[in-house]
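See structure below.
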Amino acid sequence: MTTSYDCTAAEQRAAGLEHAQRAIREHKCVVFPTDTVYGIAADAFSPLAVTLLLASKGRSRRMPPPVLIPRLNALDGLATDVPPEARRLAEAFWPGGLTLILHAQPSLDWDLGETKGTVALRIPADDVAQDLLTLTGPLAVSSANRTGQAAAQTAAAAEAQLAESVEVYLEGGPRPAEGADALPSTIVDATAVPLRVVRQGAISLERLREVVPGVLGLGEEPSAPGTPETTAATETTAAPSGTADDSPRN
């Protein structure tokens with residue numbers, strides 16, 4: 001049976017987090033707030049749970065969900081061959097609106113879909129999300145909506161779309177906060193150097209280049225040897241505002 005909790009009230013928040021932790025352990029889905037929009041989450045290491053998540057959204061395995069992690073030291077447990085440049089971006093922008101696509105640890109027993117040996121990782125800057133991730137560990141997460149519909153900015157809006165395919169809804173108020181732009185995370189492909197932005201979002205190319213000057217923008221190609229550096233490309237948004245978790249990689 002679906003249950004909703006008001007996480008703005010301390011007692012309900014504690015009860016909701018406990019119920020959500022139990023639901024994740026039982027391979028069920030939960031909805032909770034992130035710093036972008038609301039997310040639907042499942043145990044990243046349970047193929048059954050990930051299949052349920054994809055089915056709840058009406059999404060195929062060709063659009064695997066990213067994985068949210070609770071802390072930076074989880075990076076090396078889930079990814080391998082992490083470039084120093086990617087590590088610097090993670091240290092600078094996590095928690096926050098940056099997703100890194102990396103080579104997945106080959107020894108991990110998981111099935112997120114057709115990932116081609118990669119995993120997209122992010123640490124969200126949201127207290128409820130952080131508390132849940134601390135209890136559960138890494139979660140496969142996508143935006144809490146049916147594919148093709150508007151991303152939910154409250155748990156109630158998510159429930160209107162996902163109904164009883166979700167065991168627990170954690171309501172934390174509007175996400176992003178009222179008055180803030182509903183931007184997706186910026187996605188950086190860090191499976192090769194130079195790193196490359198594949199979706200522009202909350203973290204601008206200028207800010208990324210303050211940490212890693214050689215990051216390529218959307219549509220840019222590496223400079224040929226002996227030629228001047230490529231100038232910054234126009235930052236075209238690759239995903240509509242408000243669909244922060246609804247692309248294959250959030």
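- Val197 places none of its side-chain heavy atoms less than 4.5 Å from the side chain of Glu220.
- Panel note: side chain Gln105, backbone Asp76; a donor-acceptor pair is recorded below 3.5 Å.
- Put simply, the side chain of Val141 does not reach to within 4.5 Å of the side chain of Pro65, judged on heavy atoms.
- Listed for the Thr99 side chain is no donor-acceptor partner under 3.5 Å among the backbone atoms of Arg122.
- Under the 3.5 Å distance criterion, the side-chain polar atoms of Arg146 are matched with a main-chain donor or acceptor of Ser56.
- Closest approach of Leu170 to Ala20, counting heavy atoms only: CD1-CB, 4.2 Å.
- Of the N and O atoms on the side chains of Ser4 and Glu159, at least one donor lies less than 3.5 Å from an acceptor on the other residue.
- The closest donor-acceptor contact from the side chain of Tyr169 to the backbone of Ala163 lies under 3.5 Å.
- When every heavy atom of Val31 is checked against every heavy atom of Ala158, the shortest pair comes out as CG1-CB, 3.9 Å.
- With sequence neighbours left out, Asp111 forms a salt bridge (Lys or Arg N to Asp or Glu O under 4.0 Å) with Arg61.
- Using a 4.5 Å cut-off between side-chain heavy atoms of Ile, Leu, Val, Met, Phe, Trp and Tyr, with links allowed through other members, Leu72 and Leu89 fall into the same hydrophobic cluster.
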Check against side chain to side chain contact (heavy atoms under 4.5 Å, CB included), Arg71 and Thr134: CA-CA 8 Å; Arg71 58 188 68 86; Thr134 298; 3.9 Å; yes
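- Between the Ser185 side chain and the Leu98 main chain, no donor and acceptor come within less than 3.5 Å of each other.
- The two residues Ala86 and Ala190 have their closest heavy-atom pair at CB-CB, 3.7 Å.
- Atoms CD and OG1, on Glu164 and Thr2 in that order, are 4.5 Å from each other to the nearest 0.5 Å.
- Shortest non-hydrogen contact noted between Ala152 and Ala144 is CB-O, 3.2 Å.
- At a threshold of 4.5 Å between non-hydrogen side-chain atoms, the residues Val168 and Phe32 do not count as touching.
- A distance-only check finds no donor-acceptor pair linking the side chain of His27 to the backbone of Ala49 [under 3.5 Å].
- Each of Ile24, Leu17, Thr136 was compared with Val30 under the side chain to side chain contact (heavy atoms under 4.5 Å, CB included) criterion, and only Ile24 meets it.
- Side-chain contact between Thr36 and Pro184 is absent, with no heavy-atom pair separated by less than 4.5 Å.
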message: Run Phe93 and Thr186 through side chain to side chain contact (heavy atoms under 4.5 Å, CB included) and show every step you take.
response: CA-CA 10 Å; Phe93 297 111; Thr186 294; over 6 Å; no
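- Taking 4.5 Å as the limit, every side-chain heavy atom of Leu162 sits out of range of all side-chain heavy atoms of Tyr38.
- Note: Ile69 CD1 to Trp94 CH2 = 4.5 Å, rounded to the nearest 0.5 Å.
- Remark: the backbone N or O of Lys57 is paired with a side-chain donor or acceptor of Thr147 at under 3.5 angstrom.
- Counting heavy atoms from C-beta outward, Leu139 and Leu132 have side chains that approach closer than 4.5 Å.
- Expressed to the nearest 0.5 Å, how far CD1 of Ile187 lies from CD1 of Ile203 amounts to 12.5 Å.
- Connection of Leu68 to Leu52 is not established within any shared hydrophobic cluster, with ILVMFWY side chains joined at heavy-atom distances below 4.5 Å, either directly or through further cluster members.
- Considering all non-hydrogen atoms of both residues, Asp43 and Val50 come closest at O-CG2, 3.7 Å.
- Of all heavy-atom pairs spanning Pro70 and Pro138, the tightest one is CD-N, 4.5 Å.
- Without hydrogens or angle criteria, Gln12 side chain to Cys7 main chain gives no donor-acceptor distance under 3.5 Å.
- Using bins of under 30°, 30° to 60° and over 60° for the plane-to-plane angle, the ring pair His19/Tyr5 lands in the perpendicular bin.
- To the nearest 0.5 Å, atom CD1 of residue Ile123 and atom CG of residue Leu133 are 9.0 Å apart.
- Arg175 pairs with exactly one of Asp126, Thr34, Asp35 by the side-chain hydrogen bond (donor to acceptor under 3.5 Å, both in side chains) rule, that one being Asp126.
- Under the 4.5 Å side-chain criterion, counting only non-hydrogen atoms from C-beta, Val128 is in contact with Arg13.
- Note that CZ of Arg25 is 5.5 Å distant from CD of Gln21, once rounded to the nearest 0.5 Å.
- Counting heavy atoms from C-beta outward, Pro83 and Leu102 have side chains that approach closer than 4.5 Å.
- Remark: Glu167 pairs with Lys28 by the salt bridge (Lys or Arg N to Asp or Glu O under 4.0 Å) rule, at least two apart or across chains.
- Of the residues Leu121, Val198, Thr115, the one that meets the side chain to side chain contact (heavy atoms under 4.5 Å, CB included) test with Ile101 is Val198.
- A distance-only check finds a donor-acceptor pair linking the side chain of Glu171 to the backbone of Gly173 [under 3.5 Å].
- Atom CD of Glu91 is surrounded by more than 12 heavy atoms from other residues, nucleotides or ligands within 6.0 Å.
- Counting only distance, with no hydrogens or angles, the side chain of Gln161 and the backbone of Asn145 share no donor-acceptor pair below 3.5 Å.
- Interatomic distance, Leu208 CG to Gln200 CD, rounded to the nearest 0.5 Å: 6.5 Å.
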